[in-house]
Protein chains: 2
Amino acid sequence: MKLSSLADYAVVLMGAAARHCGGVRVSAAMLAAETGVPVPTAQKIVSLLTRAGLLRSSRGTGGGIQLARPAAAISLADIVEAIEGPIAMAACVDAGRHDCALEGSCKVQPHWGAVNGAIKSALGQVSLASLSHDHITTGAPA
Amino acid sequence: MKLSSLADYAVVLMGAAARHCGGVRVSAAMLAAETGVPVPTAQKIVSLLTRAGLLRSSRGTGGGIQLARPAAAISLADIVEAIEGPIAMAACVDAGRHDCALEGSCKVQPHWGAVNGAIKSALGQVSLASLSHDHITTGAPA
DNA sequence: GGGCAATCAGACCGATCTGGTCTGATTGGA
DNA sequence: TCCAATCAGACCAGATCGGTCTGATTGCCC
Ligand code: SF4
Ligand code: SF4
């Protein structure tokens, strides 16, 4: 029940990128130096984020990355899903996935849907824009 | 962003145990046979749950386990924390834990508290009693 | 009172995944 | 044309998880 370090760093990097949104493209190395994340790790995260469609990247000299969407349209859920894959607490919430041998006899299976939806919603209501504010915006339901 | 199989199985086992609440003590093997979880794994989970104080166990012939508290007083958060440790999305939400090198310069750190609380709350509002019902009770906020 | 069977409890090991580093492909500028 | 800068993907060590096994403890039965 904890998200991976990669995902955590991804949030930090995206937050830093959001502050440079109006400016020019920034390189992954710049973001790494700004946040303290190791440079190679930052490159890998940027790669994943770009592949997921959250960032727009340009290679070559003077290249860099920038947000593919406005900061207000990117949520924590998007970032987490980009790094860790779909948000699915149990193995049976994702339709089409049937990796659990207990399906059919499992009594709690139908309940996971609601719980999973609640968590996904909690993460979806926190946008990058709210992360840029210094004060705490209770973007998530209490 | 997914919980471990052990925690998932723990929820299933606790749900099965809750149905036997009014009866006699049940053995871990019985619950395993009833749910389909491998027997040794079920024993391990029962062990962890007992150590966490969610179950009351008795050794010896005729021994077994029973809920330490009413089913309505046990939530998903309790079970998950018993298996996976404290619910802390990032490394900096738990007061006293300072394992992250980015603390101090990290801009998103103060926001994790609200998110973490929201998720913990979502899991805390689902009780074992609601899991025993067949119909879906939206015990979690939409 | 002694032996036995049943049960929980903890230690051990293999497998999977994560986290991190490295090298290569690509692009723009000098 | 060459070079420097940057992203992109492959590679490997470490940690954690999942599962199995054996041992300690208790109550029952003889
Ligand atoms: S079927 Fe039951 S045990 Fe299997 S993943 Fe779903 S909730 Fe968990
Ligand atoms: S300080 Fe920042 S990077 Fe470190 S755990 Fe907290 S949120 Fe994540």
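Residue numbers begin at 1 in each chain, while the letters A, B, ... track the order of the sequences.
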Rounded to the nearest Å, what distance is computed from the CG atom of residue Asp8(A) to the P atom of nucleotide dT18(C)?
15 Å
Leu49(B) CG to dA9(C) P, straight-line distance once rounded to whole Å:
11 Å
Looking for any heavy atom pair under 4.0 Å, which part of the strands does Thr41(B) touch: base, sugar-phosphate only, or nothing?
base
Pick the nucleotide of DNA chain D nearest each of Ala28(A) and Gly60(B); which residue has the one closer to the 5' end?
Ala28(A)
Interatomic distance where CG belongs to Leu3(B) and C1' belongs to dT16(D) [whole Å]
15 Å
Whole-Å distance separating the CG atom of Leu55(B) from the P atom of dC8(C)
10 Å
Return whichever of Pro38(A) or Gly62(A) has its heavy-atom-nearest nucleotide of DNA chain C closer to the 5' end.
Pro38(A)
My understanding is that only one of Val80(B), Ile45(B), Leu48(B) makes a side chain to side chain contact (heavy atoms under 4.5 Å, CB included) with Leu6(B); could you say which?
Ile45(B)
Give the nucleotide from the list dA4(D), dT20(D), dC7(D) with an atom nearest to the side chain of Thr61(A).
dA4(D)
Counting only heavy atoms not in Arg56(A) (residues, nucleotides, ligands), do more than 12 fall under 6.0 Å from its CZ?
no
Once you round it to whole Å, what is the distance between C1' of dC17(C) and NZ of Lys2(A)?
12 Å
Using a distance-only criterion (donor-acceptor N/O pair, under 3.5 Å, no hydrogens), is the base of dG20(C) paired with the side chain of Lys44(A)?
yes
Value in whole Å for how far the P atom of dG19(C) lies from CD of Gln43(A)
18 Å
Looking at Ser58(A), I'd like to know whether one of its side-chain N or O atoms comes within less than 4.0 Å of OP1 or OP2 on dC7(D).
no
From CZ of Arg59(A) over to C1' of dT26(C), roughly how many Å is that when rounded to an integer?
4 Å
May I ask you to say what Ser47(B) touches in the nucleic acid, namely base, sugar-phosphate or nothing, with a heavy-atom cut-off under 4.0 Å?
base
Does any part of the side chain of Tyr9(A), heavy atoms only, come nearer than 4.5 Å to the side chain of Leu102(B), both counted from C-beta?
yes
Short side-chain N/O contact to dA9(C) OP1/OP2 from Ser57(B), under 4.0 Å
yes
Met1(A) and its side chain to side chain contact (heavy atoms under 4.5 Å, CB included) partner, picked from Leu76(B), Ile83(B), Ile119(B):
Ile119(B)
Side chain of Thr50(A), backbone of Val46(A): donor and acceptor closer than 3.5 Å?
yes
Write down the distance between CG (Leu6(A)) and P (dG19(C)), rounded to a whole number of angstrom.
5 Å
At less than 4.0 Å, is any side-chain N or O atom of Thr50(A) found next to OP1 or OP2 of dA8(D)? Yes or no.
yes
Where the side chain of Ser5(A) is defined as all heavy atoms beyond and including C-beta, which of dC8(C), dG24(C), dG19(C) is the nearest nucleotide?
dG19(C)
Would you indicate, yes or no, if dG18(D) has its OP1 or OP2 atom less than 4.0 angstrom from a side-chain nitrogen or oxygen of Ser4(B)?
yes
When you measure from the side-chain N and O atoms of Arg51(A) to the phosphate of dG9(D), is any distance below 4.0 Å, counting only OP1 and OP2?
yes
